[in-house]
Colleague: 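Take a look at the following structure, please.
Predicted model, so just to flag it, every value in this text is computed and none were measured.
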Amino acid sequence: MKKSTNRKGKPYPTQEDEKLPILEEPTLRMRTINKLPAAVADFPYKKFKKIADMVPFSLAEWATILHLSERTLQRYAKENKNFEGIYVDRILQLESLIEMGLETFDTPEAFYGWLKKPKIINGYEIDFSSLSQSQGIQELHDQLGRIQHGVF
């Protein structure tokens, strides 16, 4: 069989010359999660207490924010019990907000006062009760960023 050539006389490769790639179905590697990240798996009340001590929130306010009863929080304190993942996530979000709030305001009391005062953010009224929702925490976090940059 004669091979085709281009204008310069070089032969074109043919199917016989080329090795065709073998196509294979992609395989999924299934991973089993043996343990949770350390931040979630090991979050005792003592870690929470360090965060809680940064601001003057009452135990009742913390219970409302975390969607727990005061009695449950007291039990966590007494036994230094580990928080479950859903609560750890909320606590870590709040820790970030608190740190940013303390950078923005002179005192924890001033930050607490700002949180307590109703404010309109993106057309919604946001106040202390917004801390019980992830979206509310994010809105307050974003507003603190605007305050820090003078764009509020």
Colleague: A side-chain contact here means heavy atoms from C-beta on lying under 4.5 Å apart; do W62 and L68 qualify?
Modeller: no

Colleague: Could you state the interatomic distance from OH (Y76) to OH (Y45), rounded to the nearest 0.5 Å?
Modeller: 11.5 Å

Colleague: Applying side-chain contact (heavy atoms from CB on, under 4.5 Å), run through L131 and L97 and close with a yes or a no.
Modeller: CA-CA 10 Å; L131 294 176; L97 178 73; 3.4 Å; yes

Colleague: Between atom NZ of K81 and atom OG1 of T72, what is the distance when rounded to the nearest 0.5 Å?
Modeller: 8.0 Å

Colleague: Grab the two heavy atoms, one from F43 and one from I51, that are nearest each other, plus how far apart they are.
Modeller: CZ-CD1, 4.0 Å

Colleague: Tell me whether D53 at atom CG has more than 12 heavy atoms from other residues, nucleotides or ligands lying less than 6.0 Å away.
Modeller: yes

Colleague: Which label fits Y112 and F57: parallel for a plane angle under 30°, tilted from 30 to 60°, or perpendicular past 60°?
Modeller: tilted

Colleague: Considering non-hydrogen atoms only, spot the tightest contact between R90 and I65 and give its length.
Modeller: NH1-O, 3.1 Å

Colleague: Determine, for K119 against E139, whether the closest basic-nitrogen to carboxylate-oxygen distance falls under 4.0 angstrom.
Modeller: no

Colleague: State, to 0.1 Å, how close S69 and A63 come at their nearest heavy-atom pair, and which atoms those are.
Modeller: C-CB, 3.9 Å

Colleague: Is there side-chain contact between W114 and L140, with at least one heavy-atom pair below 4.5 Å?
Modeller: yes

Colleague: What distance separates Q138 CD from S134 OG, expressed to the nearest 0.5 Å?
Modeller: 9.0 Å

Colleague: Might you work through the side-chain contact (heavy atoms from CB on, under 4.5 Å) test for T64 and F128, ending with a clear yes or no?
Modeller: CA-CA 10 Å; T64 301; F128 191 82; over 6 Å; no

Colleague: Compare all side-chain heavy atoms of Q93 with those of H141 and state whether any distance is below 4.5 angstrom.
Modeller: no

Colleague: Can you tell me how far the CZ atom of F111 sits from the OG1 atom of T107, to the nearest 0.5 Å?
Modeller: 11.0 Å

Colleague: Can you measure from CD (Q135) to CD1 (I126) and round to the nearest 0.5 angstrom?
Modeller: 7.5 Å

Colleague: Flag the pair K47 / I91 as yes when at least one side-chain heavy-atom distance between them is below 4.5 Å, and no otherwise.
Modeller: no

Colleague: So, taking the atom named CD in E70 and the one named CD in Q74, what distance separates them when rounded to the nearest 0.5 Å?
Modeller: 6.5 Å

Colleague: Measure up the Y87 and F83 rings against each other and bin them: parallel (under 30°), tilted (30 to 60°), perpendicular (over 60°).
Modeller: perpendicular

Colleague: Does any non-hydrogen side-chain atom of M54 lie less than 4.5 Å from one of P108?
Modeller: no

